[in-house]
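Right, one structure below, let's go through it.
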There are 2 protein chains.
Amino acid sequence: MERDVCQCNVIHGDVVQRVQKQMPDELPIYDVSELFRVFGDSTRARMICALRIEEMCVCDLSALLHMTQSAISHQLRILRSARLVKARKQGREVYYSLDDAHIGEIFSIAFDHVTEERKGESNVLSLS
Amino acid sequence: MERDVCQCNVIHGDVVQRVQKQMPDELPIYDVSELFRVFGDSTRARMICALRIEEMCVCDLSALLHMTQSAISHQLRILRSARLVKARKQGREVYYSLDDAHIGEIFSIAFDHVTEERKGESNVLSLS
DNA sequence: TAAATATATGAGCAAGTATTCATATGAATA
DNA sequence: TATTCATATGAATACTTGCTCATATATTTA
């Protein structure tokens, strides 16, 4: 029963049932949120933005983003294990680049979203 | 100077400079990562998936997702303050629905991504 | 008006996380 | 071979966060 987790009565049983039938499976939803969780840190987001432009080594990323090599390396490990970046070793340097076509697309739409959002906000402000 | 945060020398000054010029501004990157951070929780992701299908009240969401009304309400507050859902009050019930066209699009691509990712993984496994 | 009901919210806690520091690894060079 | 340099990583820590519990608010109903 849902009763033991939801203190209130189920008001619209039909709605709940309909949505339940159309909901995606648990696992892909979990995977999607996991993907977004990785995107949801500004350091990693900046790294992805940088790597969208050009392949870079750890040291250059570190300099570009004004962060310690260690911090960058730790974050790269997270991006690597999420299969979002790939590493190419050349001598003692390691070059990183984006490993997926979707990433750029998702980021583009997200940028559109926040840009329009800001425009909307400024309109609201100018009206008040 | 970048030297004080990056222990190593800047190996490719030209690359760093090029990327620096093409990088998006700090603020929109922060906003984008903030957006993803909100998506990056499986409870909120499930709520968004549900609301993509149909407008729902708090109680129904609570029943659908097997979570307490309080937990759902707290998460709705986060989604609301990120302007991702809008609320419509009718009597003592509050109906929530998605407040943005981009959300669905972003989720669709993300679902494509994780689906292909899983396919790729199973290929890798079948080869080993 | 009093009770019941749907939702919102503050405080507290347990779990997770981003960074730093110290150090390991492995490749190039003197 | 010893040293230097780029990168990786474990441990510690400060900070964040999602949930629970208790309670407040607001609307309906008896």
Side-chain angles (χ1 to χ4, degrees), chain A residues 2-13 15-16 30 33-34 36-48 55-82 85-96, chain B residues 2-13 15-16 30 33-34 36-48 55-82 85-96:
Chain A
E2 272 94 21
R3 286 292 172 81
D4 47 8
V5 285
C6 170
Q7 303 92 329
C8 45
N9 300 314
V10 177
I11 306 181
H12 311 92
V15 173
V16 174
Y30 184 80
S33 69
E34 197 62 15
F36 288 138
R37 198 185 55 74
V38 176
F39 290 161
D41 172 81
S42 59
T43 299
R44 287 193 293 267
R46 291 198 300 154
M47 292 169 73
I48 290 170
E55 173 192 72
M56 297 182 88
C57 72
V58 179
C59 183
D60 291 340
L61 272 170
S62 175
L64 175 75
L65 303 179
H66 305 283
M67 300 197 62
T68 64
Q69 175 270 318
S70 180
I72 294 294
S73 236
H74 277 295
Q75 296 291 20
L76 280 169
R77 195 172 61 79
I78 293 171
L79 291 173
R80 227 184 315 126
S81 69
V85 302
K86 56 171 179 269
R88 174 176 73 81
K89 192 162 188 175
Q90 184 170 25
R92 57 188 159 196
E93 291 140 42
V94 181
Y95 293 88
Y96 284 89
Chain B
E2 274 92 22
R3 287 291 171 83
D4 47 6
V5 285
C6 170
Q7 304 91 330
C8 46
N9 300 314
V10 178
I11 307 182
H12 310 93
V15 173
V16 174
Y30 184 79
S33 69
E34 197 63 14
F36 287 137
R37 196 182 56 72
V38 176
F39 290 161
D41 172 79
S42 59
T43 299
R44 287 192 293 266
R46 291 198 299 154
M47 292 170 74
I48 289 170
E55 172 190 73
M56 296 183 88
C57 71
V58 179
C59 184
D60 291 340
L61 272 170
S62 177
L64 174 75
L65 304 179
H66 305 283
M67 300 198 62
T68 64
Q69 175 270 319
S70 178
I72 293 294
S73 235
H74 276 296
Q75 296 292 19
L76 279 170
R77 196 173 60 79
I78 294 171
L79 292 172
R80 226 183 317 126
S81 69
V85 301
K86 55 170 179 271
R88 174 175 75 80
K89 192 162 186 175
Q90 184 171 25
R92 56 187 159 198
E93 291 140 42
V94 181
Y95 292 88
Y96 283 90

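The structure displayed is predicted, hence computed values, not measured ones. The chains referred to below are lettered A, B, ... by the order of the sequence lines, with proteins before strands, and numbering in each begins at 1.
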Starting at [atom1] of [X], measure out to [atom2] of [Y] and round the result to the nearest 0.5 Å.
X: A:Lys86; Y: A:Tyr95; atom1: NZ; atom2: OH; value: 16.0 Å
X: B:Thr43; Y: B:Ile48; atom1: OG1; atom2: CD1; value: 11.0 Å
X: B:Leu76; Y: B:Met47; atom1: CG; atom2: CE; value: 3.5 Å
X: A:Gln75; Y: A:Arg77; atom1: CD; atom2: CZ; value: 9.5 Å

Rounding to a whole Å, what distance do you find between [X]:[atom1] and [N]:[atom2]?
X: B:Ile11; N: D:dT4; atom1: CD1; atom2: C1'; result: 13 Å
X: B:Tyr30; N: C:dA18; atom1: OH; atom2: C1'; result: 13 Å
X: A:Arg37; N: C:dA15; atom1: CZ; atom2: P; result: 17 Å
X: B:Ile78; N: C:dG10; atom1: CD1; atom2: C1'; result: 14 Å
X: B:Leu65; N: D:dG18; atom1: CG; atom2: P; result: 15 Å
X: B:Arg88; N: C:dA8; atom1: CZ; atom2: P; result: 14 Å
X: A:His12; N: C:dA6; atom1: NE2; atom2: C1'; result: 11 Å
X: A:Asp41; N: C:dT17; atom1: CG; atom2: C1'; result: 9 Å

Considering only C:dT19, D:dC19, D:dG18, which nucleotide approaches the side chain of B:Ala71 most closely?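 Nearest to the side chain of B:Ala71 among the choices is D:dC19.
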As a test of reading the structure: which of D:dG18, C:dT19, C:dT9 is closest to the side chain of B:Gln75, going by heavy atoms?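 Minimum distance to the B:Gln75 side chain belongs to D:dG18.
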Residues forming a salt bridge (charged side-chain N to carboxylate O under 4.0 Å, His left out) with A:Arg88, sequence neighbours excluded: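 With neighbours one apart ignored, the set is A:Glu55.
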Is it the case that C:dC21 (base atoms only) and A:Ser70 (side chain only) share a donor and an acceptor within less than 3.5 Å, ignoring hydrogens and angles?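 Flag set: donor-acceptor pair detected.
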Pairwise side-chain contact, A:Glu93 with A:Cys59, heavy-atom cut-off 4.5 Å (strictly under):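 The answer is no, as the side chains (C-beta and beyond) never meet within the 4.5 Å cut-off.
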Are D:dC19 and B:His74 stacked, with the base six-membered ring and the side-chain ring centres under 5.5 Å apart and planes under 30°?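 Not stacked by the 5.5 Å and 30° rule.
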Contact under 4.0 Å: A:Thr43 side-chain N or O vs C:dT19 OP1/OP2: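 Looking at the OP1 and OP2 atoms of C:dT19, one of them is under 4.0 Å from a side-chain N or O of A:Thr43.
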So, is B:Tyr96 near the phosphate of C:dA6, with a side-chain N or O under 4.0 Å from OP1 or OP2?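 False: B:Tyr96 side-chain N/O out of range (4.0 Å or more) of C:dA6 OP1/OP2.
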Going by the angle between their ring planes, with limits at 30° and 60°, are B:Phe39 and A:Phe36 parallel, tilted or perpendicular?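 Tilted.
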My understanding is that a pair needs two contacts under 3.5 Å, Watson-Crick or G-U wobble. By that rule, which nucleotide pairs with C:dA30?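 WC or wobble partner is D:dT1.
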For A:Tyr95, answer base if it contacts any base atom (sugar-phosphate contacts may also be present), sugar-phosphate if it contacts only those atoms, and nothing otherwise; contact means non-hydrogen atoms under 4.0 Å.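 Nothing: the residue A:Tyr95, judged by heavy atoms under 4.0 Å, touches no strand.
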Report, as a single string ordered 5' to 3', how protein heavy atoms within less than 4.0 Å touch nucleotides 23-28 of chain C: B base, S sugar-phosphate only, - not at all. ----BS
